[in-house]
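One structure below.
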Amino acid sequence: TTRTPQFLGLDKSADLFPESSSSSDVIVGVLDTGIWPESKSFDDTGMGPIPATWKGECETGTNFTTANCNRKLIGARFFSKGYEAMLGPIDESKESKSPRDDDGHGTHTATTASGSVVPGASLFGFAPGTARGMATRSRVAAYKVCWLGGCFSSDILAAIEQAIIDNVNVLSLSLGGGMSDYYRDSVAIGSFAAMEKGILISCSAGNAGPSSYSLSNVAPWITTVGAGTLDRDFPAEVIIGNGKNYSGVSLYRGHALPDTPLPFIYAGNASNSSSGNLCMMGTLTPEKVAGKIVLCDRGVSARVQKGVVVKSAGGLGMVLANTPANGEELVADAHLLPATAVGEKEGDAIKKYLFSDPNPTVKIVFQGTKVGIQPSPVVAAFSSRGPNSITPQILKPDLIAPGVNILAGWSKNVGPTGLASDNRRVDFNIISGTSMSCPHVSGLAALIKSAHPDWSPAAVRSALMTTAYTAYKNGLSLKDSATGKQSTPFDHGAGHVDPISAVNPGLVYDLTVDDYLSFLCALNYSAVQITTLARRKFQCEPSKKYNVNDLNYPSFAVLFQTTGGANIVKHTRVLTNVGPASVYNSSVTSDSSLVKISVEPQVLSFRENEKKSYTVTFTSTSGATTQSVNSFARLEWLDGKNVVGSPISISW
Amino acid sequence: SLAEKKTYIVHVAKSEMPESFNHHTLWYESSLNSVSDSAQLIYTYDNAIHGFATRLTPEEASSLESQTGILAVLPEMKYELH
């Protein structure tokens, strides 16, 4: 990536992450669409021998041999038996039966997490700079589990199985599916086994936002990552015939439009189809579109596909307008014709002009790359949101990281739009999704792991979460792109990742396998369900009182029953001091008077490596309410140097 | 019957493997053969889960699930890139 290292402060962190052998001993496994090994991001110059712990290998298949691997890309495997059992033999004329990435997604995620430093990177001159992954000295192992027809659970499980055997340290999964209970979800089950082996599993939260309860990958042993914007944009202004300007974004680079205003038409008025406004394939009337710029509404079909539809109907360019589903969030695309994307409000204003002017005209002015955009980060509208639909007492997502307009490596088997008709080939592509934010956290986790090799996955996650920030430098709270208002822990979890602070978090909330087993007991899982999930006979003790609220999680999700429930809820936590001896004071801030929050003890004095517990008591002062209400608060432990923060959601 | 076959992930309690088997793969094959003439192991797992993946009819899956040591027979799920 060419901007996130600066955005995250990694460019000033050389002394925090020395180029020691421990940083190059960390191996990031990426389950995805495979890998494009020729990417410069996998240059192994200066990398030492492959870690002795590594048991993986590079498998041979279509256009891929062991020679495609090196000291950077140390593993590449593919898992297609489940896919082929379901859909028949792979057509090798259409996709590579090998670790080779024909899609681009897997190369993008792997290079985001671990890519080497590549000067002079850009997409058609957009987002220029030196590209690098988050953990430049870590090693990459690619596990191809996603194919043209999708990613199947039997293949995903086989890849996790192999990654455990191979000895990866971090697993990055930018995929998800459904909202099954943990004992029915292969990613959750496989991740449990990986966690047991000390592997940190980072998963994307999903792109089903901004709807509530839209998260995937919510098991507490998984780090669930939502997406935020960077301080970078790709403006492409729309100037309509009445002289008014509207801001849009675009990654179009190609033949320029004439400098004079061009005829402008709404797609809905250039079609005989009731859904003509969406610029679906075959719906535009060429006689009405030819020689004009066409305004299409976003939705149903791919954004770049709409551009192809306009182009094939003879249109000169496209303005793509958001609908209420997307609000004002702008996602830039490398369109095949001059095109720009505008927000819902801008789109409505432009449509008003289109419907009122008998001879509407428009100009699109492409302005390249701009950095320093504020406020940033803003929670991406598409980023999936809490509450957690499986266990509402566990607050998810865990945190957010950059996931909008991210430049990273790409496959040379596909163009930047992913369309079959896109014959362009690029070294780097700019795309958006929680798929992109997840590998940021995977790479950052690898960095933390290299600085603290003995830390558990839970300790690494805790460090990332408790040091995440929830306010801009001017003190204002993080915003949500979907609403334009302040975001909440259901949107951003603990906040935006801050890797420099995460290296020295002061205190961590650690978790062991036994803690997770107690959590399963607290969920009243049957013996069969626990054995299915945890691969062992585990008997919940009938005399022991298990409580989901006591899972030593770095965040709090408090549930009050709307009727008949107690109006006091207690959560107990254990903090481990990973810094020097120190005294920490607690501080609680809350946006609601409906609940009283008290911490006992209020002060914790730690020796080195000492553990101390505390209890937070939440007292609902409103009595039982028949309505579902959410409020939010924050608990911090401060010693004058470190701030160990935890988000709190409170629901009635 | 072949057309209605689906992929299932079969979770087993490895501790309940009969002593007559000296390797879990043999147990899995035997269990499969007892419910299906044609089913084959697609994958066997020992680290991510204890169990295997196979193609079965719904009736075969149901029959397998009732066997001793079989914890769950879960249908294949499709995941999507984010």
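Each chain gets a letter, A, B and so on, in the order its sequence line appears, and its residues count up from 1.
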Is Ala48(B) in contact with chain A via its backbone, its side chain, both, or neither, using a 4.5 Å heavy-atom distance?
both
Residue part contacting chain B, namely of Ile189(A), when any heavy atom lies under 4.5 Å:
both
Are Cys203(A) and Cys438(A) close enough that their SG atoms are less than 2.5 Å apart?
no
Proximity breakdown for Ala194(A) and chain B, heavy-atom pairs closer than 4.5 Å:
neither
If you tally heavy-atom pairs under 4.5 Å against chain B, which of Gly82(A), Ala159(A), Gly190(A) wins?
Gly82(A)
Where does Val187(A) contact chain B at under 4.5 Å (heavy atoms): side chain, backbone, both or neither?
both
First locate atom CG of Asp101(A), then atom OG1 of Thr33(A), and finally report the distance between them rounded to the nearest 0.5 Å.
3.5 Å
Can you tell which part of His11(B) gets under 4.5 Å to a heavy atom of chain A, answering side chain, backbone, both or neither?
side chain
Look at Thr531(A), Ile164(A), Thr532(A) and state which one has the largest set of heavy-atom pairs under 4.5 Å with chain B.
Thr532(A)
Ignoring hydrogens and geometry beyond distance, is a side-chain donor-acceptor pair present between Lys537(A) and Ser15(B) at under 3.5 Å?
no
Residue part contacting chain B, namely of Ser180(A), when any heavy atom lies under 4.5 Å:
side chain
Under 3.5 Å side-chain donor-acceptor pair for Asp155(A) and Tyr143(A)
no
What residue, out of Gly177(A), Gly176(A), Ser204(A), has the most heavy-atom pairs lying under 4.5 Å from chain B?
Gly176(A)
Per-residue contact mode, Ser191(A) against chain B (heavy atom under 4.5 angstrom):
neither
Inspect the surroundings of CD in Glu29(B) and state if more than 12 heavy atoms from other residues, nucleotides or ligands are less than 6.0 Å away.
yes
Side chain, backbone, both or neither: which part of Leu157(A) has a heavy atom under 4.5 Å from chain B?
both
Of Ile42(B), Thr44(B), Val12(B), the largest count of non-hydrogen pairs under 4.5 angstrom with chain A goes to Ile42(B)
Counting only non-hydrogen atoms closer than 4.5 Å, does Lys14(B) touch chain A with its backbone (N, CA, C, O), its side chain (CB onward), both, or neither?
neither
Relative to chain A, which segment of Leu74(B) carries a heavy atom at a distance below 4.5 Å: side chain, backbone, both, or neither?
side chain
Option in Tyr45(B), Phe52(B), Tyr43(B), Tyr8(B) with maximal non-hydrogen atom pairs under 4.5 Å from chain A
Tyr43(B)
When rounded to the nearest 0.5 angstrom, what distance separates CG in Asp185(A) from CG in Asn217(A)?
7.0 Å
Any side-chain to backbone donor/acceptor pair from Asn169(A) onto Ile27(A)? Under 3.5 Å, distance only.
yes
Salt bridge check, Lys144(A) against Glu95(A): does any charged N sit closer than 4.0 Å to a carboxylate O?
no
Engaged part of Phe192(A) at the chain B interface, taking heavy atoms whose separation is under 4.5 Å:
neither
Please flag which part of Leu533(A) lies under 4.5 Å from any non-hydrogen atom of chain B: side chain, backbone, both or neither.
neither
For residues Thr53(A) and Asn167(A), is any side-chain donor paired with an opposing acceptor at under 3.5 Å?
no
Hey, what do you get for OG (Ser174(A)) to NE2 (His82(B)), rounding to the nearest 0.5 Å?
8.5 Å
Judged by atom type as modelled, is there a donor-acceptor pair below 3.5 Å linking the side chain of Thr7(B) to the main-chain atoms of Arg55(B)?
no
OH of Tyr83(A) to OG of Ser154(A), rounded to nearest 0.5 Å, is 12.5 Å
Find the one option among Gly206(A), Ala227(A), Gly433(A) whose heavy-atom pairs under 4.5 Å with chain B are most numerous.
Gly206(A)
Contacting region of Ile9(B) [heavy-atom separation from chain A under 4.5 Å]
side chain
Given Ser216(A), Ala193(A), Ala158(A), Gly150(A), the one with more heavy-atom pairs under 4.5 angstrom with chain B than any other is Ala158(A)
